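Take a look at the structure set out below.
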Amino acid sequence: MNPLLYGHNPDEQIVGLQQNDDQTVRLFIRENGRLVRKDDPFFPFFFLSDRTLLEGFVQRHWIKELEGNGFYRFVCAFEGWPPLWEAVRHLLQAHNRKTLTKIEHYSSLESIRLLTDPLNQYLLQSGRTLFKGMRFEDLTRLQLDIETYTSVPNSFSRAARSGDRIILISLSDSGGWEHLIDGTELTEAEMLHELISIIRERDPDVLEGHNIYEFDLPYILKRCEHHGIPLTIGRDGSSPTAAFQRGRPSGIGTQGPVTEVAGRHVIDTYQLVRSYDQSKNRMERYGLKYAARYFGFASPERTYVRPERISWHWDHDREPLRLYAMDDVRETRALSGHLGGTHFYLTQMLPMTLSGVLRSGSAIKIENMLLREYLRRRYSIPRPSTGLQTTGGYTDIFTVGVLGPVLHADIESLYPSIMIHRSVTPAGDHLGIFKLLLQELTSQRLSAKQEMKREADPGARSRIDAFQSSMKILINSFYGYLGYARGLFNDYAKADVVTTEGQKLLRLMIDFIRKTGSIIIEVDTDGIFFVPPKAVRGEASEEEFVRTISDHMPEGISVALDGRYRTMMSYKMKNYALLDYEGNLTLKGSSFTSRSIERFGRAYIKRCVLALLNQDIQELHRAYMETREEIQGRRMDIREFTRVEKLGESIEEYLAAVDAGTRSRSAAYEVGLRIDRSFRKGTRIVYYMSGEDPTPKGFRHARAMADWDPHFRDENIPYYLRRLDEFSEKFSPFFSAKDFHMLFTPDDLFPFDPAGIRILEPTHLPVEEPEDTESPRYTGLKAEKES
DNA sequence: AGCTGTGGCAGGGAGG
DNA sequence: CCTCCCTGCCAC
């Protein structure tokens, strides 16, 4: 094991951590199947740029001057958190700041680098990592789900409402054990006591549940409070505590407090699912039932009970409810088993807890690895630089139309390859850790992939796959870290070096492919879609052709065949459709797949694209006519019309921006204001357009889906017909004006006749000469990034 | 307070 | 009508 990744003490299998007090941390270590406890001294610390700032401050603390010439040249260690906060207050005065309202604000002082999460800080300084040498299966994971009863018909159950209570608690664990605590024979207080004793007895390392952060644990906590029962499920017998949720401000994370249980890890599979989908954006919802079906875990015999029917079932027919509750935990177990592996294996090498790994982004992970090594070598660290990144990937489109056969060739691991082969490393990284890490992770990933090829056992294969894909996530984030404004080791100039080198390589590849007589369709960052020359047909020949391309690339850069397609529809940059040889359709780009397109629009576009790729003219017109009639006849479900938008700003920010005139009113926020004036950042708003104006002012005519009344339908038919025409407009580049009009206009006296309607030949767009590369092109005013 | 990057398209509001 | 500006979402 490389200490750079795994820290010291190679044999230690730590499965849990708990902060005892301000000065010690307790470790839970697996030794020959037994759980051993060990207490370790703990010194809270921060980095400081100038030690004179602490002069005159009398408290027992250690200031160590670090080697090197970075900005944070001192590390100050304290006997506990109170003296650390004392020192922070002292520094605050040195900066002439008086307000002490929010301690976290202090981390923004430029002279001090503060890390506020105690357990992660402990891992950073100790060089320890969790779960070392373990397999994901070695953890004991306990799944938990509660069903609750509401005294108010057709409403959600609330823990605080009298009469509402827990009626079932279903439990399972990763070993296959299953159990139901049934409220039929037990009072709620007895149920809670049984839950506590079961958790203590089975002593799981991980507590799992779907939406457990937002619902199950808070609800259980509330009910425990009500009965005066301490929820002593921590490994030290303590109750859960609230920690702060880390997440992106744009709202992938909820902002509420997260529950932490001493010595264990609490994992919300809802978060697992959401973070899985974040890079893919394939899922419609993140609910348990949908996710289970999406991943293929839902058993065909699974019992479904609609949430609003739970209380009815409890009163009249309990057996389905019991089955339903057990199916819930089984699906939760399947989800976490499937998605938890990558995070588990990352935790083995990062100085972070499992929930820390889950909650943080990849830049933080890279920074923590760098920090740990700098701390271990007693070397000072730089401060984030301010500046401007000016370049990104090269994107261009050369051909619009329907054509094939099409190949997609891409440069493998473009940015990591450039960073390794051209030794692009941040200027502040005097010790060269960035490159060492990148190389180590890359070589571990490659050997894992080799091992996977040899492995026959499916269980072992998926384990290795989880391991190598967690490496991939980290490796691909190294480039992003260079341009990360808050990164201690960021370097905008080097980020530009990576992207401009990437652009050069892509142009080199374009030139070569063009010279072979191929038709280049579109390129994006590291890949090219093209029609190969006539002589290249069939998979073997295509593979060979791509090998030739790869051979013509510089040392260390290799090109692979990423996909082969029967037909491609090229529409705009980053917007295209592919039909493979099995008949599978892939739609890419915000013009076709965006969530901001109503569901009926997405279905319509998909149907039309498929018809176009299959050259089915009649079907194109049929799709138009049928959709049109369904809208006009008010036969569509309201969900076909709703738009879901995520609110990126809080209510205060939005209103302030509107007042200041820097942003205009928008439908989603106005609907949000109407239904709930206290919406949080990241809230999803579901709304539709009402009225009869084909061009309504969205912010005035938008209505929340919750206000929809199926008996008095008021969806704006002229507006949605206009939307239909806007979607149809996407197909205009592929037809003559006359043909297009015939296709996407309702039949008049004469029936529609597909004969004579032709898909246009592809259009080859003029190749733009590269502009003067000496002077970088600025596309407007771009603010300098500051930490 | 919490946060990987740039590039491109769509849609809506505001103002000409 | 158009253009400008913005936000949201998507590709990589």
Side-chain angles (χ1 to χ4, degrees), chain A residues 101-108 114 116-117 243-255 258 278-282 359-367 388-397 410-411 414-415 473-474 476-487 490 492 495-496 498-499 502-503 506 522-527 562 571-576 587-597 601 643-649 654 657-658 661-669 681 689 695-700 702 723 726-727 729-730 779-782 785 787:
Chain A
T101 46
K102 269 194 164 183
I103 209 85
E104 286 80 13
H105 282 191
Y106 304 165
S107 60
S108 63
L114 196 58
T116 46
D117 183 333
F244 280 95
Q245 169 94 327
R246 280 152 183 77
R248 297 191 192 163
S250 61
I252 63 144
T254 47
Q255 269 73 47
V258 166
Q278 215 201 332
S279 54
K280 299 190 167 53
N281 251 308
R282 295 268 181 285
R359 292 198 296 253
S360 73
S362 41
I364 297 294
K365 296 185 175 89
I366 290 169
E367 179 145 300
L388 185 61
Q389 189 179 343
T390 56
T391 47
Y394 170 47
T395 307
D396 213 343
I397 185 165
D410 75 346
I411 304 176
L414 177 65
Y415 288 172
I473 295 166
L474 273 186
N476 286 332
S477 309
F478 273 69
Y479 152 72
Y481 180 78
L482 290 175
Y484 170 42
R486 299 178 66 90
N490 64 2
Y492 303 110
D496 281 336
V498 174
T499 49
Q503 293 205 6
L506 191 65
E522 100 148 37
V523 304
D524 193 349
T525 311
D526 61 355
D562 182 59
Y571 176 57
K572 287 180 178 175
M573 284 187 207
K574 296 175 193 280
N575 286 273
Y576 55 85
L587 274 176
K588 291 277 191 181
S590 54
S591 318
F592 303 131
T593 65
S594 173
R595 274 194 220 278
S596 58
I597 298 174
R643 204 178 283 189
V644 183
E645 231 171 276
K646 212 157 51 176
L647 305 183
E649 289 173 28
Y654 170 71
V658 168
T662 54
R663 82 170 284 168
S664 21
R665 293 193 173 270
S666 86
Y669 286 90
K681 211 177 263 196
M689 214 59 86
T695 55
K697 285 265 182 271
F699 65 89
R700 250 178 262 147
R723 288 289 287 157
E726 283 173 2
F727 301 143
E729 191 55 39
K730 297 177 194 304
T779 54
L781 283 174
K782 209 156 132 189
K785 290 190 280 191
S787 61

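From a predicted model like this one, the values you see are computed outputs, not experimental measurements. Within every chain, numbering begins at 1; the chains are lettered A, B, ... in the order of the sequence lines, protein sequences first and strands thereafter.
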Quick one: is [X] getting a side-chain N or O under 4.0 Å of the [N] phosphate, OP1 or OP2?
X        : N      : answer
A:Arg723 : B:dG11 : yes
A:Tyr669 : C:dC6  : no
A:Tyr576 : C:dC10 : no
A:Arg486 : B:dG2  : yes
A:Lys588 : C:dC12 : yes
A:Lys572 : C:dA11 : no

Reported CG-to-CG distance for the pair A:Asp410 and A:Leu506, which is rounded to 0.5 angstrom: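 Interatomic distance, A:Asp410 CG to A:Leu506 CG, rounded to 0.5 Å: 10.5 Å.
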
Distance (rounded to the nearest 0.5 Å) between A:Glu729 CD and A:Ser591 OG: 12.5 Å

From [options], nucleotide with atom closest to [X] side chain:
X        : options                : result
A:Ser594 : B:dG11, C:dA11, C:dC10 : C:dC10
A:Glu726 : B:dG7, B:dG11, B:dC9   : B:dG11
A:Gln389 : B:dG5, B:dG8, C:dC10   : B:dG5
A:Arg595 : B:dG12, C:dC12, C:dC9  : C:dC9

Whole angstrom is fine here: how far is it from [atom1] in [X] over to [atom2] in [N]?
X        : N      : atom1 : atom2 : result
A:Ile397 : B:dG8  : CD1   : C1'   : 11 Å
A:Lys730 : B:dA10 : NZ    : C1'   : 7 Å
A:Asn575 : B:dC9  : CG    : P     : 7 Å
A:Asp410 : C:dC12 : CG    : P     : 10 Å
A:Asn490 : B:dC3  : CG    : P     : 15 Å
A:Asp496 : B:dT6  : CG    : P     : 9 Å
A:Tyr484 : B:dG5  : OH    : P     : 8 Å
A:Ile366 : B:dG5  : CD1   : C1'   : 11 Å

Which part of the nucleic acid does [X] contact within heavy-atom distance under 4.0 Å: base, sugar-phosphate only, or nothing?
X        : result
A:Gly480 : base
A:Ile364 : sugar-phosphate
A:Tyr571 : sugar-phosphate
A:Ser591 : sugar-phosphate
A:Ser666 : nothing

Heavy-atom side-chain proximity of A:Ile397 to A:Tyr576 below 4.5 angstrom: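 Result no, sub-4.5 Å side-chain heavy-atom pair not found.
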
Side chain proximity check, A:Thr499 to A:Tyr479, heavy atoms < 4.5 angstrom: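 A side-chain contact under 4.5 Å exists here.
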
Under 3.5 Å: donor-acceptor pair, side chain of A:Asn490, backbone of A:Tyr484: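 Yes, the answer is positive, given that a donor and an acceptor are paired below the 3.5 Å cut-off.
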
Residue that, paired with A:Val498, satisfies side-chain contact (heavy atoms from CB on, under 4.5 Å) out of A:Leu482, A:Thr391, A:Leu414: A:Leu482

Closest-nucleotide 5' rank along DNA chain B - winner of A:Thr395 and A:Tyr479: A:Tyr479

Upstream residue (5' side of DNA chain B) when A:Met689 and A:Tyr415 are each assigned their closest nucleotide: A:Tyr415

